[in-house]
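Proteins come first, then strands; the chains are lettered A, B, ... in the order of their sequence lines, and each starts at number 1. The structure displayed is predicted, hence computed values, not measured ones.
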There are 2 protein chains.
Amino acid sequence: MSVDQEKAGPRRQARGERRIAQLLEAAANVFCTTGYTASSTNAIAREAGVSPGTLYQFFPNKEAIAIELGDRLIHQMRETTGEALAAVDPSTPLEEAIGTLVDRFTAFSCQHPVFFALMHGPDIPGRLTEEHDALHAHLLGQVEALVAAFLPGAPAADVTRTAHLCLGLYKAGLELVLSHEGAERDAYVRELKNVLIRYLEPLLTEYRDRATADLTTTRTP
Amino acid sequence: MSVDQEKAGPRRQARGERRIAQLLEAAANVFCTTGYTASSTNAIAREAGVSPGTLYQFFPNKEAIAIELGDRLIHQMRETTGEALAAVDPSTPLEEAIGTLVDRFTAFSCQHPVFFALMHGPDIPGRLTEEHDALHAHLLGQVEALVAAFLPGAPAADVTRTAHLCLGLYKAGLELVLSHEGAERDAYVRELKNVLIRYLEPLLTEYRDRATADLTTTRTP
DNA sequence: TCAGAATGCGAGTGACCGCTCGCGTTTGTC
DNA sequence: GACAAACGCGAGCGGTCACTCGCATTCTGA
């Protein structure tokens, strides 16, 4: 069996790898400002300073560019979220947990504005939608696990709903964060944390009380 | 000066008005499922059961269809929000106020799914973006006024930020609401209300306390 | 009744866009 | 230095889509 061979295809020279990176960066810029569908491959090639033919030397079609770009972003996103979520457990105070998660997630999105543009357009190609759905499901699962850990004994449906809401609220907040800069951006980050904390805090105490009540009734029947 | 003439153009027969309504309904369906850019005028004509030529008898171009549809929806939206917001004043308990507003707004969006599709796609034509921005600004102003009334003495920047957040959170919640049905949809509506109430409640008491404190210090210097 | 306007049709036109192809240039290998 | 493979080019092909045009049909008003 052959080793060291990522995928089928021509063996790349260093020059080729550089071109690919260059094309992906150009694509990121164009997608970012124009959106996927409205971006033309010719425009991407022009932005990268190469001819359309050269672009198709490295990507079989337009979709493949978005796929490759999306794959790399998703991979980085998974790493970021994995690290961030691993640093949190139910013993962490809610405020601190939310603070850490929101800070790390927003940092990633601020560094990679394409991610938001590519993933939330309604016109993204099929393969990428699937990958994004997979990422979303993955993220949802992680958040669900965290929510379940914070709210022991909560029904599965409630946990799922809460996780959906957390992600949705985060996304809404992120949009506001990204559309502001400097001090105002920081203010929105703070408010986003407040939203999540204030939404989750009552659930926390509710389930803690319920657990205590259960304990009490069990002990003193 | 001539009266009774809405715009320049040929005088319409009743048949023409019917065709226009029919074409707009068809456009709503097509836009809803395909999005604006990906929708072809031929597809809209086909959906309406007429020829492309007939479509262009009533609309000068593709954008005009979206504009007209958007105009009508925005008009209805303005009416709905106007009524809903007029029914609320600072003497209303927060919970009741939020409940009323969320119920009326979500009802509108559930009845007109095109609205969300047309207004939140990244590929909508320029004129419509402007109109949507105008609507958003209008809505923001109304929400700001309400927030300012609920939080007397709050700095303008805070009021604006809070209003932005309320609208953003609502939009996020709406997306979740629209993507579910029946009991689960109702559950999301409830949670959306909770999010807003829990986010705003502390602000309310904070500014009430601050106002009381100001009053006290002024009276007993 | 009848002229003129409004409505209706659908093949066709021009522009754009994703993508190809033939051919020249650079790079790695022996 | 010689050969092959990877790289690079850009005019151009095929297809799609917004939109048009010439002509037929239906309606309105006098």
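Spacing between atom CG of B:L55 and atom P of D:dT20 amounts to 11 Å, rounded to whole angstrom units. If you measure from atom CZ of B:R11 to atom C1' of C:dG4, you get 12 Å, rounded to the nearest angstrom. For the pair B:R46 CZ and C:dG10 C1', the computed distance is 13 Å after rounding to whole Å. Taking atom CZ of residue B:F59 and atom C1' of nucleotide C:dT7, one finds them 14 Å apart after rounding to whole Å.
Every residue was checked against the side-chain hydrogen bond (donor to acceptor under 3.5 Å, both in side chains) condition with B:S109, not counting sequence neighbours, and none meets it. Scanning for side-chain hydrogen bond (donor to acceptor under 3.5 Å, both in side chains) contacts around B:R127 gives B:E131, with sequence neighbours left out. In this structure A:Q22 satisfies the side-chain hydrogen bond (donor to acceptor under 3.5 Å, both in side chains) test together with A:R19, sequence neighbours excluded. Partners of A:D89 under the side-chain hydrogen bond (donor to acceptor under 3.5 Å, both in side chains) rule, at least two apart in sequence or in another chain, are A:S91. Here B:R18 pairs with B:A14, B:R15 under the side chain to side chain contact (heavy atoms under 4.5 Å, CB included) rule; sequence neighbours left out. Partners of B:T162 under the side chain to side chain contact (heavy atoms under 4.5 Å, CB included) rule, at least two apart in sequence or in another chain, are B:V147, B:C166, B:Y199, B:L200, B:L203.
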Would you tabulate the nitrogen or oxygen pairs shorter than 3.5 Å linking the protein to nucleotides 17-21 of chain C?
from, atom 1, to, atom 2, distance (Å)
C:dG18, OP1, A:S39, O, 3.1
C:dG18, OP1, A:K62, NZ, 3.1
C:dG18, OP2, A:T41, N, 2.8
C:dG18, OP2, A:T41, OG1, 3.2
C:dC19, OP2, A:Y56, OH, 2.9
C:dC19, OP2, A:K62, N, 2.5

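Under a cut-off of 6.0 angstrom, the local environment of CD in B:Q76 is crowded, with over 12 non-hydrogen atoms contributed by other residues, nucleotides or ligands.
Residue pairs meeting the side-chain hydrogen bond (donor to acceptor under 3.5 Å, both in side chains) criterion with at least one partner in residues 174-183 of chain B, sequence neighbours excluded, do not occur; the list is empty.
Listed pair A:T54 / D:dC7 fails the phosphate criterion, with no side-chain N or O lying under 4.0 Å from OP1 or OP2.
Looking at residues 13-27 of chain A, you'll see A:Q13, A:R15 sit with a heavy atom under 4.0 Å from some atom of DNA chain C.
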